[in-house]
Amino acid sequence: QRFASLHLSNFVLLGFNERACEGSLACSTCHVIVMDMEYYNKLEDPADEENDMLDLAFGLTETSRLGCQVI
Ligand code: FES
């Protein structure tokens, strides 16, 4: 776990957040939007593989991440 405390109110979960690939960075069904900029800035930068999948995500925003990598 990357953070000792996690508040789901920091995120907007999109769709059903079904995590179709179970976190193997092969889908974008876990797309989330981080609402808290302070929290967003604490996250490690996304890996190239995460960015590739985010490019396929519906409704991409400046603070989009893949939930399986940050939640
Ligand atoms: Fe597929 Fe997150 S569950 S990339």
Side-chain angles (χ1 to χ4, degrees):
Q1 186 174 352
R2 295 179 185 185
F3 298 97
S5 69
L6 173 67
H7 302 285
L8 285 179
S9 59
N10 290 341
F11 299 90
V12 170
L13 304 178
L14 303 176
F16 294 103
N17 206 253
E18 61 188 53
R19 300 181 181 223
C21 77
E22 299 179 346
S24 62
L25 289 171
C27 75
S28 60
T29 59
C30 60
H31 178 202
V32 298
I33 297 172
V34 183
M35 300 304 293
D36 181 334
M37 282 305 294
E38 186 175 336
Y39 184 86
Y40 181 84
N41 290 329
K42 290 180 183 175
L43 298 172
E44 293 178 25
D45 290 338
D48 290 343
E49 294 85 353
E50 182 179 351
N51 280 325
D52 289 345
M53 283 299 120
L54 280 170
D55 285 342
L56 304 176
F58 176 78
L60 190 67
T61 74
E62 291 288 319
T63 60
S64 287
R65 294 297 303 262
L66 293 181
C68 68
Q69 303 301 301
V70 297
I71 298 178

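Both ligands and their constituent atoms are indexed starting at 1 by order of listing. We're numbering straight along the sequence, starting at 1.
Under 2.8 Å from atom 1 (Fe) of ligand 1, one finds the following protein N/O/S atoms: Cys21 SG, Cys27 SG.
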All N/O donor-acceptor pairs, side-chain side in residues 53-64, below 3.5 Å, sequence neighbours left out:
residue	atom	partner	partner atom	Å
Thr61	OG1	Thr63	N	3.2
Thr61	OG1	Ser64	N	3.2
Thr61	OG1	Ser64	OG	3.1
Thr63	OG1	Val34	O	2.9
Ser64	OG	His31	NE2	2.7
Ser64	OG	Thr61	N	2.8
Ser64	OG	Thr61	O	3.4

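Within the 3.5 Å criterion, the main-chain N or O of Leu66 finds a donor-acceptor partner in the side chain of Glu50.
Across all non-hydrogen atoms, the minimal contact from Asn10 to Tyr39 is ND2-CD1, 3.5 Å.
Residues Gln69 and Leu25 have side chains in contact (heavy-atom distance under 4.5 Å, counting atoms from C-beta outward).
Results of the side-chain contact (heavy atoms from CB on, under 4.5 Å) test with Phe11 over Ile71, Asp36, Ile33 single out Ile71 as the only residue that passes.
Remark: Glu22 CD to Cys27 SG distance equals 9.5 Å, nearest 0.5 Å.
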